Amino acid sequence: MPIKNPLTALAGSVLIVTLAACGGSGSATPDVAVAETPEFESGTTMAELSEAGSIRIGTKYDQPGFGLLGLEDEPEGFDVEIGKIIAGAMGIAPDKIEWVETPSDVREQVLEDGDVDMVVATYTINDERKQRVTFAGPYYVVGQSLMVAADNDTIEGPEDLKDNPDAKVCSATGTAPADNIEQYLASKDQLVLFDVYEKCADALRTGQVDVVTTDNAILAGFVANAEDQFKLVGEPFTEEPWGIGVTKGDIEFCEFINDTLADNQDAYSKAWDSTAGQIEGAQDPELPELAPCA
Ligand code: GLU
């Protein structure tokens, strides 16, 4: 299928080929434009990756709508599609992407260790992380929220957690929501941490925890997959701008990613529509104002 608003690489006009990609669940994901002969200044990450013809991208494997391992052993979701758009602008086709499962707590480490070339993983840009990572984006802005069992009428927002000190609250290790929720708890004993949110959702299902907290968009994906067992409560109470992590100091790569996002808003919208946009109540996002790379 031809693409109306094709990707362009920084080098200027390029030939475009399109590849059809399908989600393992059977839901079609958009065609991804792959630049045929992009040119980059030698020595840049873009030149190296483009020359190699492959890229390693860290993403989540357990988050419906954003990064979820499909039945065909390939991750699916909005983050995955964003990764494909960026790879495509370097001439790298989706089947040349090596996906690396990257739980929240290891995101900085995998970049520092050179295990991945970039991380697209519901990754909040914050000052602490900026010490170790350069962020492109933000490409989406969400807020922290709470998810409880559908029949829970006791917890309606973070203010109710201190009044219910026996209520266990689950989140993922090394995350902004896990840090931020502490101020709302009667004691640290209320907090249960796992490496991935899927384990929190399982613990909520079995009644081992009472609340799961993270970004509302992630929770909405779990609610949608839980057949009326879970619900979101209250309003989002933080702002979480999601960025794309690259090696600290790789400003050229970061700026290339920002330019690629800005140049491909049509592909961005299609990526959304085919993934997280399928979740009930999901709002169509617009690409937020991109921050300068630092
Ligand atoms: N966006 C938050 C963070 O980066 C929570 C989601 C996640 O753990 O990926 O900490």
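Excluded from the calculations below are hydrogen atoms, water molecules and symmetry mates; all remaining heavy atoms, backbone and side chain alike, are included. Everything numeric in this text was worked out from a predicted model, so none of it was measured.
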Does E280 CD have over 12 foreign heavy atoms under 6.0 Å away? no

Check your understanding: Got L219 and T214 here, is their nearest side-chain heavy-atom distance under 4.5 Å?
Key -> yes

Is the shortest side-chain heavy-atom distance between F40 and E48 below 4.5 Å? no

N-O pairing of D202 and R205 below 4.0 Å:
yes

Here the pair of heavy atoms bringing V32 nearest to P94 is CB-CG, 4.0 Å

| said: Quick check against the 3.5 Å criterion: does T260 have a side-chain atom that pairs as donor or acceptor with the backbone of A89? | reply: no

| query | Are L232 and F222 joined in one hydrophobic group, where the rule is that I, L, V, M, F, W and Y side chains link up if heavy atoms are under 4.5 Å apart? | reply | yes

message: Quiz question: by atom type and distance under 3.5 Å, do the side chains of W242 and D215 form a donor-acceptor pair?
response: yes

Full working for side chain to side chain donor-acceptor pair (under 3.5 Å) between T213 and Q144: CA-CA 7 Å; T213 188; Q144 184 172 356; 2.9 Å; yes

Taking R107 for the side chain and T102 for the main chain, is one N or O donor matched with an acceptor at less than 3.5 Å?
no

So the ring pair (Phe, Tyr, Trp, His ring centres under 6.0 Å) pairs with at least one residue in residues 112-136 (sequence neighbours excluded) are Y123-F135

query = I57 versus V116: any side-chain heavy-atom pair under 4.5 Å?
reply = no

Considering only NZ, NE, NH1 and NH2 on the basic side and carboxylate oxygens on the acidic side, decide whether R56 and D117 come within less than 4.0 Å. yes

If two hydrophobic side chains count as joined below 4.5 Å and joins carry through other members, does I181 share a cluster with I218? no

*How about D228: does its CG atom have over 12 heavy atoms from other parts shown lying under 6.0 Å from it?*
no

With sequence neighbours left out, the residues meeting side-chain contact (heavy atoms from CB on, under 4.5 Å) with A186 are P165, Q190

Using side-chain heavy atoms (C-beta onward) and a distance below 4.5 Å, is S171 in contact with L193? yes

Original post:
Is it true that a side-chain atom of D250 and a backbone atom of V246 form a donor plus acceptor pair closer than 3.5 Å?
Top reply: no

Q: Indicate yes or no: at least one non-hydrogen side-chain atom of Q109 is less than 4.5 angstrom from one of D113.
A: yes

Here the ring pair (Phe, Tyr, Trp, His ring centres under 6.0 Å) pairs for residues 144-192, sequence neighbours left out, are Y184-F237

Donor-acceptor pairs under 3.5 Å, side chain of residues 146-154 to any protein atom, not counting sequence neighbours: which ones?
| residue | atom | partner | partner atom | Å |
| --- | --- | --- | --- | --- |
| N152 | OD1 | T154 | N | 2.8 |
| N152 | OD1 | I155 | N | 3.1 |
| D153 | OD1 | K231 | NZ | 3.4 |

Count the heavy atoms belonging to other residues, nucleotides or ligands that lie under 6.0 Å from CD of E112, then report whether that count exceeds 12.
-> yes

Note to self: Between D79 (side chain only) and T122 (backbone N and O only), is there a donor and an acceptor less than 3.5 Å apart?
What the structure shows: yes

Sorted by chain and residue number, the side-chain contact (heavy atoms from CB on, under 4.5 Å) partners of A276 (sequence neighbours excluded) come out as F66, F78, W272, I279

So ring pair (Phe, Tyr, Trp, His ring centres under 6.0 Å) across residues 143-164, not counting sequence neighbours, yields none

* Should L49 and L111 be counted in the same cluster of Ile, Leu, Val, Met, Phe, Trp and Tyr side chains packed under 4.5 Å apart? -> no

Single-linkage hydrophobic cluster L261~V119, side-chain heavy atoms < 4.5 angstrom = no

Scanning both residues in full, the closest heavy-atom pair of S274 with P30 reads OG-CD, 3.1 Å

**Message:** If hydrophobic clusters are built by linking Ile, Leu, Val, Met, Phe, Trp and Tyr wherever their side-chain heavy atoms come under 4.5 Å apart, do L290 and I244 end up in the same one?
**Reply:** yes

For this session: State, with a plain yes or no, whether a side-chain heavy atom of R132 is found less than 4.5 Å away from one of K248.
Result: no

- Message: Strictly distance-based, threshold 3.5 Å: is any side-chain N or O of Q265 a donor or acceptor partner for the main-chain N or O of A262?
- Response: yes

